[in-house]
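Structure record follows, encoded as C-alpha cells.
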Amino acid sequence: MHNGQPFIFDIYNPSHNGFGVVIAGKTGTGKSALIKMYGSRYFDFGYRMISVDYEPRGTGGEYAPMAEKVGGVSYQIGSKTKNILNFFDVSEELVYDDKTGMECRELRLADKVSDACNILMTLVRGQKRQPGFEDETYMREILDDVVSKMYGERGIKEGAPDTLYENGDAAAAGGRFTSGIRKKEMPTLHECYLGILQGEKERNDEFHAKAYAMLKSSLKAYVRELYCCPECLREYSREEFWALKGKSGSQCACSSCGHEVMALHGTKAYYDGQSNLAADADTIMVNIDISQLPEQDKPTAQIIAMSYLQENYIKRNSMNPQKLKKLIFLVDELHKCFPYPEARKLVSDVYRTARKRHVSPWSATQAYKDYDGHEETEAIVKNAAACILFKQDPKDREFLKKNTVLTNSQIDELLAIGGDPDDRSESQDIHKGEYCIICNNKVNFIKNDYLKASEAYIVET
C-alpha cells in the first residue's frame, strides 16, 4: 500500500521460522476472500488444503464451494447427512530419524486415549453441565478406563502398529480383490456408552454415582441407537426390541430379568459409527463442513473434525524434510472452542503434531485478542511464522502494542484500514482487501487485489 510493489508470500519459504499463520479480522473485512485467494494460487504450486468450515453461507459452509470447484471434496456434518466422524479413529504414523535417514512405524495409543477422553469431556460440557472438581476427576477416571478397555479388547497396543490390523478373507470390492490384511473396526460411542453402563454396574459405589449419572445424561444424545437392559446389561437389536414391545404393550420388559429395557435414539449421532469419509491423502482439498449444525454444537464438532483430520491427513505428512508435502490445515473461527479446557488441550496437540510434520496450520478468528488468556492459545500466536491482521477493534490497541512489533503509527494505520465493514455502499469497495501482514518481524500493509477474470469463481462464493 505504501509503494505499489507486488508482495510475494510463500509460507513454506525457508526464511520463515515455522509454517503457522494466524489470521484475524471481523466479518466483512475480507478474511475469507483472502484465504480462498491464497488457496487457489497455492494449489497451482502443489499445495493441498484440509479445512474445518464453521460459518454458514446458505445451505453450506464458506469454503465448501471452493473445495468442490478446485476438484476437492466437502463433507457436511449434520442430521440431514449420513457422514460420520468417529473420534476413536487411530492411525499409525511414520517417525523420521534424522541421524539414520530412516522412517519407522509407530502407534501412539496413549495420546489417542487422552484425545478421545478430552473430546468426551467437551461433549459433557457442551450439554451445559459444568462438573465440580471431584465429579470431573471421577468422570475422567471412568472415561480413561472405558476408552482404554475398548482398544484393549481389540488387541490394539501402545507402540505396536501391527495390532491395528487383522487377517481377513479376500473379498471382491468394486471388481477388485482386497488384501487379506485390513484395519480393525474402531471403538464407537455406542460401545463407549455400554462401557459406562457396565462400569457403573461393576463399581456400584456412592462416590462415582453422580459422575456416572452426568456421563449417561450428557452422552445419550450422541448415541445413534441403543436398546439395553440397565439391570442385567443385555443388549437387544432393533428387531428384538420391537418384538418384546409387541408382547408387553407400552412397557418393554427384559426377557432375562424383567427390568424395563432402555431405548436410545440420539438426536446428535454424527459421531457414532465407523468413519465413512472416503477422500485419500492426495485429494487437493478436503473440507469438513460443520456450518449447518446448531450453534451450541459447533465448538465440539470443530475439535472432532480437527481430531479426524489429524489422524487421517496431518499424521500422514512425512517428518522427512526431503519428502514433505505442502499441506495447509485451516480452521475457521478457531476461538469458538477456546472456552473449553479439554478442547484447548486437543488444539495444542494438533498444532504440535502439525509442526513436527511440516504442516502449515492456519487459524482464523474475529480478533487478534481472541488468543489471549490461555497458555495453549497464546502459544499459537507465539509460534506463528506470519500474522495477517485485518481491521482491529480500537479497544484492543494496548494488546496489539504489547503483543506485536507494530509501532504506534502502524497501529493507527491498522485501526483505519478496510474502511467500515458495516458500510455496504460502493464507496467502501476501494478499501476491501486491505490488511497488515507481520512476517519475520517485518510489517507490510497490503492491498489485496485478486484476479477477477480467473479467481472470482473461487473467491466470491
Side-chain angles (χ1 to χ4, degrees), residues 21-40 49-70 72-81 83 85 122 126 268 270 277 285-309 328-340 343 347 350 361-371 377 380 387-393 418 420-424 428 432-435 448 450 455-461:
V21 179
V22 167
I23 306 166
K26 294 181 180 180
T27 301
T29 55
K31 181 176 55 178
S32 61
L34 176 81
I35 293 171
K36 287 182 279 190
M37 185 211 71
Y38 270 130
S40 69
M49 179 183 284
I50 52 177
S51 54
V52 182
D53 202 349
Y54 195 99
E55 290 291 343
R57 292 292 181 268
T59 58
E62 179 76 61
Y63 300 97
M66 172 186 177
E68 294 164 359
K69 288 176 180 178
V70 300
V73 291
S74 182
Y75 296 104
Q76 189 172 104
I77 305 302
S79 58
K80 296 181 180 180
T81 72
N83 296 322
L85 289 180
T122 306
K268 305 175 182 180
Y270 345 107
L277 279 57
M285 182 175 180
V286 178
N287 184 57
I288 308 295
D289 182 0
I290 64 172
S291 65
Q292 303 304 303
L293 292 175
E295 197 64 30
Q296 67 270 19
D297 294 339
K298 287 184 183 180
T300 304
Q302 196 175 47
I303 64 166
I304 291 174
M306 292 176 68
S307 177
Y308 175 85
L309 292 173
I328 294 173
F329 170 50
L330 167 67
V331 185
D332 195 21
E333 304 294 321
L334 180 62
H335 60 289
K336 298 290 188 178
C337 71
F338 289 173
Y340 304 94
V347 168
V350 172
W362 292 39
S363 61
T365 65
Q366 294 285 319
Y368 191 63
K369 199 175 187 298
D370 288 331
Y371 297 92
T377 60
I380 294 174
C387 291
I388 297 176
L389 304 177
F390 289 82
K391 187 184 184 73
Q392 299 292 297
D393 194 312
D420 181 4
D422 297 324
D423 185 352
R424 304 301 182 188
Q428 288 297 309
K432 286 183 178 179
E434 295 176 352
Y435 64 93
N448 191 50
Y450 70 88
E455 296 178 331
Y457 78 106
I458 288 178
V459 175
E460 296 182 3
T461 55

* **Minimum-distance pair of heavy atoms, taken over all atoms of Y371 and A364** => OH-N, 4.4 Å
* Inter-residue atom distance L330.CG - I35.CD1, 0.5 Å rounding -> 5.0 Å
* Do you know the tightest heavy-atom contact between A343 and T122? -> N-OG1, 3.7 Å
* Measure the spacing between OG of S32 and CD1 of I23 and express it to the nearest 0.5 Å. => 10.0 Å
* **Test log, rule side-chain contact (heavy atoms from CB on, under 4.5 Å), inputs K369 and Q392** => CA-CA 9 Å; K369 199 175 187 298; Q392 299 292 297; over 6 Å; no
* Structure fact -> What one should report as the nearest heavy-atom pair of M66 and I458 is CG-CG2, 3.7 Å
* To do: Step by step, work out the side-chain hydrogen bond (donor to acceptor under 3.5 Å, both in side chains) result for Y450 and S40.
  => CA-CA 10 Å; Y450 70 88; S40 69; over 6 Å; no
* Under 3.5 Å donor-acceptor, S291 side chain and G61 backbone -> yes
* Describe, in one word, how the ring planes of Y435 and F390 are oriented to each other, choosing from parallel (under 30°), tilted (30 to 60°) and perpendicular (over 60°). => tilted
* Structure fact -> In this structure, CG of D370 is separated from NE2 of H335 (nearest 0.5 Å) by 4.5 Å
* In sequence, state the C-alpha distance, the side-chain angles, and the governing distance for K26 and D393, and then conclude on side-chain contact (heavy atoms from CB on, under 4.5 Å). => CA-CA 9 Å; K26 294 181 180 180; D393 194 312; 4.1 Å; yes
* Asked: Quick one: are V350 and F329 in side-chain contact, heavy atoms under 4.5 Å?
  -> yes
* Are Y63 and M285 side-chain neighbours, meaning at least one heavy-atom pair lies under 4.5 Å? -> yes
* Asked: Taking all non-hydrogen atoms of both residues, which atom of I288 and which atom of L85 are closest, and how far apart?
  -> CG2-CD1, 3.9 Å
* Reported OG1-to-CG distance for the pair T29 and L389, which is rounded to 0.5 angstrom -> 10.5 Å
* Asked: So, does Q76 use its side chain to make a donor-acceptor pair with the main chain of T59 at under 3.5 Å?
  -> yes
* Asked: Side chains of L293 and Y270: closer than 4.5 Å at any heavy-atom pair?
  -> yes
* Given side-chain contact (heavy atoms from CB on, under 4.5 Å), test K336 with Q302 step by step and report yes or no. => CA-CA 9 Å; K336 298 290 188 178; Q302 196 175 47; 4.1 Å; yes
* What are the two closest heavy atoms between Y54 and E295, and how far apart are they? -> OH-OE2, 3.3 Å
* Flag, side chain of D289 to backbone of G60, donor-acceptor distance under 3.5 Å -> no
* Among N83, L309, V73, which residue meets the side-chain contact (heavy atoms from CB on, under 4.5 Å) test with L277? -> N83
* Could you tell me whether a side-chain N or O of D332 sits under 3.5 Å from a main-chain N or O of D53, the two making a donor and an acceptor? => no
* Any chance you could lay out the side-chain hydrogen bond (donor to acceptor under 3.5 Å, both in side chains) test for S51 and N287, step after step, and finish with the verdict? => CA-CA 5 Å; S51 54; N287 184 57; 2.6 Å; yes
* Residues K31 and E333 bridged, charged N to O under 4.0 Å -> yes
* Asked: Does the pair Y38 and I388 meet the rule for a side-chain contact (heavy atoms from CB on, under 4.5 Å), with working shown?
  -> CA-CA 12 Å; Y38 270 130; I388 297 176; 4.2 Å; yes
